[in-house]
Amino acid sequence: MIMQIVINEHNQEHQVTSLVLFYYHDIIVEKQENKLNEVLEMEIIDVTPNTQKDWERIYAEAFPAYEQRPIAELVALVEQQDAIKMQVVVDDQTVVGVAYLCEIGLSKAFLLYFAIDATIQSKGYGSRALAILKERYEDGLILEAEQMGTQAENEAQRTRRYDFYMRNGFEDKQLLSENSGGVFHLLASTPDISATEYLQAMHALSIEAIVRRDD
């Protein structure tokens, strides 16, 4: 009976259809707003005296000794070059991660260090932070991931990190970089950022690197 009324009465059918459309529209808008608010709660900002100790702690815990550079050197590079940024990932006024990068022009960057506090990993902070960086450097973000398949002691960790970046929209450029006593896959968020630009950033960071094909 109800279905017949909706079908036979054009005006009522139109009203019901409109209500359904408005309902779904409101749900979509609400989800988009919630997602936007979630991203807006997180910031990636320059280190301050108040956040320096947090940066140093997360950095020391996240990276193997051979990848770490003295804090004094990292700070000096930031003071000497505007393109080099030492930053913290802040969510709801709490430091949850760190980033250290070298900008390449206005819309590209090489991300040398990126890590989330080990005590709160696997909660989506890393993906959210990368989304912010990818939007900020829309023409390309390039980074390193330790070479896999070498039977290293931290092979499982290397694989998790590599897979994490793959899930977050990065692609393997099929290039390996030899630097700082290690070998790294080069991963990029867009095809527009090149190995040449990566090497330019490495030079700015005073790091010698050799790039070769990943055969």
Side-chain angles (χ1 to χ4, degrees), residues 42-48 51-91 94-104 108-122 125-134 136-137 140-148 152 154 157-166 168-170 173 176-189 193 197-209 211:
M42 177 177 281
E43 295 181 290
I44 301 179
I45 56 179
D46 291 342
V47 166
T48 67
T51 57
Q52 182 73 34
K53 288 188 180 299
D54 288 317
W55 197 98
E56 294 178 10
R57 174 183 58 81
I58 295 172
Y59 168 73
E61 293 173 352
F63 299 97
Y66 80 88
E67 286 187 40
Q68 294 184 27
R69 299 178 68 179
I71 296 294
E73 287 185 14
L74 297 175
V75 171
L77 285 169
V78 172
E79 293 174 345
Q80 295 164 7
Q81 301 183 61
D82 291 339
I84 299 177
K85 309 292 183 183
M86 186 177 194
Q87 301 181 320
V88 286
V89 181
V90 179
D91 184 73
T94 300
V95 175
V96 298
V98 300
Y100 192 93
L101 58 86
C102 179
E103 294 181 333
I104 306 166
K108 296 180 182 179
F110 164 54
L111 186 58
L112 176 61
Y113 296 120
F114 175 73
I116 299 299
D117 190 329
T119 63
I120 53 173
Q121 289 180 355
S122 301
Y125 291 112
S127 295
R128 289 167 59 195
L130 278 181
I132 292 172
L133 289 171
K134 286 167 63 180
R136 184 176 295 175
Y137 302 106
L141 189 65
I142 193 166
L143 52 80
E144 300 171 333
E146 289 178 287
Q147 186 182 22
M148 298 184 300
N154 67 335
Q157 183 186 55
R158 294 183 181 200
T159 300
R160 285 197 302 272
R161 287 178 175 172
Y162 181 93
D163 291 344
F164 165 73
Y165 290 121
M166 293 297 102
N168 282 278
F170 283 77
K173 294 186 74 67
L176 294 175
S177 174
E178 299 179 16
N179 68 82
S180 307
V183 181
F184 306 87
H185 299 280
L186 291 185
L187 313 180
S189 62
I193 190 163
E197 290 170 312
Y198 160 78
L199 288 171
Q200 290 172 351
M202 291 291 274
H203 178 74
L205 292 161
S206 300
I207 303 174
E208 294 186 3
V211 174

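Predicted model, so just to flag it, every value in this text is computed and none were measured.
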> Do Cys102 and Leu112 have side-chain heavy atoms sitting under 4.5 Å apart?
Replying inline: no
> Hey, what do you get for CD (Gln87) to CG (Leu111), rounding to the nearest 0.5 Å?
Replying inline: 9.5 Å
>> Does any part of the side chain of Glu67, heavy atoms only, come nearer than 4.5 Å to the side chain of Phe184, both counted from C-beta?
In response: yes
> Can Ile71 and Gln52 be said to form a side chain to side chain contact (heavy atoms under 4.5 Å, CB included), step by step?
Replying inline: CA-CA 10 Å; Ile71 296 294; Gln52 182 73 34; 3.9 Å; yes
> Going through the checks in order, is the side chain to side chain contact (heavy atoms under 4.5 Å, CB included) test met by Arg161 and Phe114?
Replying inline: CA-CA 11 Å; Arg161 287 178 175 172; Phe114 175 73; over 6 Å; no
> Less than 4.5 Å apart, any side-chain heavy atom of Tyr162 and any of Leu187?
Replying inline: yes
>> Quick one, Ser206 and Glu73 - any side-chain contact, counting heavy atoms below 4.5 Å?
In response: no
>> For a quick check under 3.5 Å, do Tyr113 and Gln68 share a side-chain donor-acceptor pair by atom type?
In response: no
> So do Asp117 and Arg57 actually touch side chain to side chain, heavy atoms under 4.5 Å?
Replying inline: yes
>> For Tyr59 versus Arg69, what's the shortest heavy-atom pair and its separation?
In response: OH-N, 2.5 Å
>> So which atom in Ser127 and which in Phe164 form the shortest heavy-atom distance, rounded to 0.1 Å?
In response: OG-CE1, 3.6 Å
>> How long is the straight-line distance from CG of Leu199 back to CD1 of Ile142, given to the nearest 0.5 Å?
In response: 8.5 Å
> To the nearest 0.5 Å, how far apart are CG in Leu186 and CG in Leu176?
Replying inline: 7.5 Å
> Under the side chain to side chain contact (heavy atoms under 4.5 Å, CB included) criterion, do Val89 and Tyr125 qualify, and how do the steps go?
Replying inline: CA-CA 9 Å; Val89 181; Tyr125 291 112; 6.0 Å; no
>> Restricting to non-hydrogen atoms, name the atom on Arg158 and the atom on Ala152 that form the minimum distance, rounded to 0.1 Å.
In response: CZ-CB, 3.5 Å
>> On a heavy-atom basis, which atom in Ile116 and which in Val96 lie closest, and how many Å separate them?
In response: CG2-O, 3.3 Å
> Between Thr51 and Thr48, is any pair of side-chain heavy atoms under 4.5 Å apart?
Replying inline: yes
> Can you name the closest pair of heavy atoms from Ser189 and Phe170 and give their distance?
Replying inline: N-CD2, 3.5 Å
> Under the 3.5 angstrom rule, does the side chain of Arg128 hit a backbone N or O of Asp91 as a donor-acceptor pair?
Replying inline: no
> With a cut-off of 6.0 Å (strictly less than), are more than 12 heavy atoms of other residues, nucleotides or ligands near CG of Asp46?
Replying inline: yes
> Is Phe110 close to Ile193 at the side-chain level, that is, under 4.5 Å between some pair of heavy atoms?
Replying inline: no
> Can you tell me how far CD1 of Ile44 sits from CG of Leu133, rounded to the nearest 0.5 angstrom?
Replying inline: 3.5 Å
> Would you say the side-chain atoms of Tyr198 and Glu144 include a donor-acceptor pair closer than 3.5 Å?
Replying inline: yes
> Which atom names give the shortest non-hydrogen contact between Val75 and Met86, and what distance separates them?
Replying inline: CG2-SD, 4.0 Å
>> How long is the straight-line distance from CG of Leu141 back to CG of Asn168, given to the nearest 0.5 Å?
In response: 11.0 Å
> To the nearest 0.5 Å, what is the distance between CE (Met202) and CD (Glu208)?
Replying inline: 10.0 Å
>> Applying side chain to side chain contact (heavy atoms under 4.5 Å, CB included) to Tyr137 and Ile104, what does each step give before you reach the verdict?
In response: CA-CA 9 Å; Tyr137 302 106; Ile104 306 166; over 6 Å; no
